[in-house]
Amino acid sequence: MITQNIVLGSGTKYPLKGILTLPDDLSKPVPAVVFVHGSGSSNMDEKVYKLTPFKDLAEGLARHGIASVRYDKRSFAHGLKMLRDKSITITVKEETIDDA
């Protein structure tokens with residue numbers, strides 16, 4: 001398995017740290033998935049206590065030949081900045097959809 005740090009939205013108001021996880025065999029094109037957060041402010045691993053479901057899924061998919069991208073949710077990485085920005089209304093669009 002190959003992991004590579006990435007930044008989604010580099011150069012934008014809200015850049016997000018992420019990880020690209022690839023299978024070892026890249027001799028041919030591979031399918032890929034993008035993990036999209038649900039409710040709550042979460043990091044790229046969707047960490048809750050010691051559980052890291054997005055990381056676990058990404059690693060399992062890579063072992064089966066599937067690449068994935070996961071990234072910090074905007075409200076996790078920039079929550080205070082978003083609350084202070086009076087030019088935006090925070091809805092599911094701004095918090096999740098725009099980044100996905």
Side-chain angles (χ1 to χ4, degrees):
M1 168 182 17
I2 303 161
T3 59
Q4 184 175 358
N5 292 328
I6 59 173
V7 176
L8 278 70
S10 180
T12 67
K13 197 174 191 178
Y14 301 108
L16 301 172
K17 290 190 271 183
I19 294 180
L20 171 64
T21 304
L22 300 166
D24 287 324
D25 182 9
L26 295 173
S27 62
K28 61 183 187 293
V30 298
V33 299
V34 176
F35 290 98
V36 179
H37 296 277
S39 63
S41 181
S42 300
N43 73 358
M44 68 184 78
D45 295 331
E46 194 84 349
K47 185 174 182 179
V48 178
Y49 300 107
K50 292 183 178 182
L51 304 174
T52 55
F54 278 9
K55 180 181 182 212
D56 298 341
L57 287 166
E59 291 174 356
L61 288 168
R63 284 191 291 275
H64 288 89
I66 301 169
S68 65
V69 171
R70 61 191 197 275
Y71 53 90
D72 288 336
K73 191 171 183 180
R74 189 184 297 196
S75 58
F76 176 82
H78 301 286
L80 287 176
K81 183 177 179 180
M82 291 174 70
L83 287 172
R84 291 181 180 138
D85 185 350
K86 301 302 180 194
S87 70
I88 65 167
T89 302
I90 302 172
T91 68
V92 71
K93 179 183 181 312
E94 290 78 20
E95 187 184 23
T96 306
I97 295 170
D98 287 347
D99 299 323

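Numbers here are sequence positions counted from 1.
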Straight-line distance of Ile6 CD1 to Thr21 OG1, nearest 0.5 Å: 8.5 Å
Can you tell me which residue pairs pass the ring pair (Phe, Tyr, Trp, His ring centres under 6.0 Å) test with a partner in residues 18-38, sequence neighbours excluded? Phe35-Phe54, His37-Phe54, His37-Tyr71
A side-chain contact here means heavy atoms from C-beta on lying under 4.5 Å apart; do Arg74 and Thr96 qualify? no
When clusters are formed by joining ILVMFWY residues with side-chain heavy atoms under 4.5 Å apart, either directly or through shared neighbours, do Ile66 and Leu22 land in the same one? no
Using residues 56-64 as the side-chain source, report each donor-acceptor pair under 3.5 Å to any protein atom, sequence neighbours left out, with the distance given to one decimal.
unit_1, atom_1, unit_2, atom_2, d
Asp56, OD1, Thr52, OG1, 3.3
His64, ND1, Gly60, O, 3.0

Any sub-3.5 Å donor-acceptor pair from Ser75's side-chain atoms to Glu95's backbone N or O? no
Salt bridge (charged side-chain N to carboxylate O under 4.0 Å, His left out) partner of Asp45, chosen from Lys50, Arg70, Lys17, Lys55: Arg70
Can you tell me if Asn43 uses its side chain to pair, donor with acceptor, with the backbone of Lys47 under 3.5 Å? yes
To the nearest 0.5 Å, how far apart are CG in Asp98 and CG in Leu8? 12.5 Å
So if you build clusters from Ile, Leu, Val, Met, Phe, Trp, Tyr with side-chain heavy-atom gaps below 4.5 Å, do Val34 and Met1 land together? no
Can you tell me how far the CD atom of Glu94 sits from the OH atom of Tyr14, to the nearest 0.5 Å? 9.0 Å
Rounded to the nearest 0.5 angstrom, the OG-CG distance for Ser68 and Leu20 is 7.0 Å
Could you list the residues that satisfy salt bridge (charged side-chain N to carboxylate O under 4.0 Å, His left out) with Glu46, not counting sequence neighbours? none
Grab the two heavy atoms, one from Lys73 and one from Gly40, that are nearest each other, plus how far apart they are. NZ-O, 2.7 Å
Student check: side-chain heavy atoms of Asp24 and Ile2 closer than 4.5 Å: yes
List the steps and the verdict of side chain to side chain contact (heavy atoms under 4.5 Å, CB included) for Ile19 and Asn5. CA-CA 5 Å; Ile19 294 180; Asn5 292 328; 3.8 Å; yes
If you count the non-hydrogen atoms of other residues, nucleotides and ligands that lie under 6.0 Å from NZ in Lys81, is the total more than 12? yes
Val7 versus Pro15, closest heavy-atom pair with distance: CG1-CB, 3.9 Å
Any side-chain heavy atom of His78 sitting closer than 4.5 Å to one from Leu16? yes
